[in-house]
Amino acid sequence: MGNIPAKETRSRGASYSSGSSTSYSDTFGSRSGRRNTTSGVFSGHFIESKRSRRQEEKDKQRERHYNNLIVRLEESIDGGFLAPYGTYKSNLDYDTDIVRRLIIQRKLAPFFTPLQDFNESWSDEELLIILSQSTLHTIETAYSEAEEEEDDIDNHKIHKSQSYFRRQEQKAKLKSLITRVKEKQKEEENRFLEEKVKAKEGQPCSPYLFSKDLFLKLYRNASECPICFLSYPPYLNVSRCCLQPICTECFVQIKRLDPHPPHDDTSQQEGNSSSTPGSNANSLPHTLISEPAHCPYCAMPDFGVTYDPPSDIRVGIEGIKPSEYHLSHKKRQSIDKPQIKSSHSSSNSHLTGLHANSESGSEEALQEHDTGKGTEAVSKDLYQPVKQSKRRSSLASDAVGVITIDMIRPDWEQKLISARNKLARKAATASAIHASNLIIDQNSTLDARANNARSSVQNSYNTNLHSIEERMIEEALRLSLLDEEERKKKAEQEKNKSPSS
Amino acid sequence: MAALPKRIIKETERLVSDPVPGITATPSEDNLRYFHVTIEGPSASPYAGGLFKLELYLPDDYPMCAPKVRFLTKIYHPNIDKLGRICLDVLKDNWSPALQIRTILLSIQALLAAPNPDDPLANDVAEDWKKDEQAAIKMAQEWTAKYASTSSQ
Ligand SMILES: [Zn+2]
Ligand SMILES: [Zn+2]
């Protein structure tokens, strides 16, 4: 594989450029902020009103999305939350409605509050002190606007296009939305703090505060997520293919690569790009592809996870209040002694987790009818199913209980369609410009081979510039309508489709 | 500047406490996402005896996107171009957040041991390599002696 530019689009760290990929995106504007120039050409009422309606819809959706990213004390399940802690500042464009639902259904681990450090040798008291200091959301600035802060090409132009002002307006709107959401998170945080102070002073406080027993149950045998290196309760998601743990915050970060030309095309495309500017228009729009995300551990395509909820914790939504969770004396002891020596290896630490879970699970059952009956029998019984589930072989991506990346990011298909349309528009524009250049130097050397343009434009060699402009507008309008139709179709489909099976 | 993610802190600590043989990676004092790297040329490769300097940068999205790595020392290799850029799948599409600075540098070291002229970044070098491998290897050795010898640094 060569140095393929179109695929590096995920690396948005614009501060550093080492590959030719940077120049690619600079030249051809693969960034989200840029639009085709033709869209500014027409501005009928019809299109305007349609656009504003579509925009309204989009704004509402975005508002909902960002509100879903707020961590709220009352929205906990089994000791985790419905929104991420804030370890990652970008790529939060997963479907928050779907993920929240999956967490409530216990098909995905909740967003546990991570511990930056964890040491097995800590006493319960030390561990509880650290846990009591945790916040709902990371205190650092959340929801970076980095993705939207990209330099707009129009900034450098004297005449700014209509779409430029629209983009500026959108940016301002997003900024104010983010400010509002941050403010709301701060309010949640302050309320949380006040409740904790009340609890400390022995005053009546929120039943949603976690009990000490719940904290210990969750974090006594914390294990490290192999991707973010943060410590979590041992109840993490497990990859469907190679049974490796992954925290939900890392899981929702995984996504498909942006649509790109198929591998075979790229060498040719690269050869061209140095000689003819705009030659990426040569790659046929419909050949752009999008492939399912791979497992980060074993590279198996169509990454998915399963989640085995702990059978002995049922707190928060659809369970008892987190403050009411209590362990029997016996059970607390069982948490205290680590069952297996934990190690840095991810698979081992996960084993520790499941193991601990199964053991304490049996004790929990014991406490219900602790009548001095043989401990052995009960724990053996309960030990079996967990052991089996640990030994489960890898599962297909469509197996029951498997949550794939495409399920929590169902917009990939829409993204592919938009990328194809965008490329088609670019191709049409490039062809038209190329054709008009040809007309201008019609009498000079005319290299027909260089023109890979669409036939419709090629036919216009002998027409004048005016008609080319008309064609451009027609083409842009056609594509815009096509775009809209496809979007509607897609929206229809989405409505009928429930992501959780 | 935002605080450094725990993952980067832990990786850096582990690089120090458990270093990779033949490889060093030291974070810059003023930017802990920027690393000064050296890789020893693998023995039994045309780069043996050379010490190659590289720079490595962890973008904001790391580990969700690959580190940026570039050779600073001139090197004659079909998969490394004049600017030191490296053609390596795990630095591009095949990057996975489960990989680390450590694994990436090991992959680069492996690339020195096994040049792949069929998947070139430096086309001219790759052509030389395919036309006359012996001559190309000799050239790589010469460059190593000239630009990467430990005595010249
Ligand atoms: Zn993680
Ligand atoms: Zn896997």
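So that the names make sense, note that chain A is the first sequence line, chain B the second, and so on, each numbered from 1. Here the structure is a predicted model, which is why all the values come from computation and not from measurement.
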Close side-chain approach of A:Ser90 to B:Asp60, heavy-atom, < 4.5 Å |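 Contact flag for A:Ser90/B:Asp60 side chains = no.
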dist A:Glu291:CD -> B:Asp93:CG (nearest 0.5 Å) comes out at 8.0 Å
Nearest 0.5 Å, what's the NZ-CG distance between A:Lys89 and B:Asp61?
->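 If we round to the nearest 0.5 Å, A:Lys89:NZ and B:Asp61:CG are 11.5 Å apart.
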Go through the atoms of B:Pro5 and report whether side chain, backbone, both or neither lie under 4.5 Å from a heavy atom of chain A.
->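 Neither part.
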Is it true that A:Glu249 and B:Arg7 have a side-chain N and a carboxylate O under 4.0 angstrom from each other?
->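 A salt bridge is absent here (no side-chain N lies under 4.0 Å from a carboxylate O).
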Which atom of A:Phe229 lies closest to which atom of B:Gln100, heavy atoms considered | CZ-NE2, 3.4 Å
Quick one: closest heavy-atom pair of B:Ala98 and A:Tyr297, and the distance?
-> CB-CD2, 3.7 Å
B:Met64/A:Ile227 under side-chain contact (heavy atoms from CB on, under 4.5 Å): CA gap, chis, key distance, verdict = CA-CA 9 Å; B:Met64 290 305 151; A:Ile227 289 177; 3.8 Å; yes
Heavy atoms from other residues, nucleotides or ligands near NZ of B:Lys130 exceed 12 (cutoff 6.0 Å) | yes
Highest number of heavy-atom pairs under 4.5 Å with chain B: which of A:Cys228, A:Ala299, A:Pro114, A:Pro296?
->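 That would be A:Pro296.
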Yes or no on side-chain contact (heavy atoms from CB on, under 4.5 Å) for B:Lys10 and A:Asp117, after CA distance, side-chain angles and deciding distance?
-> CA-CA 10 Å; B:Lys10 285 192 181 170; A:Asp117 287 293; 4.3 Å; yes
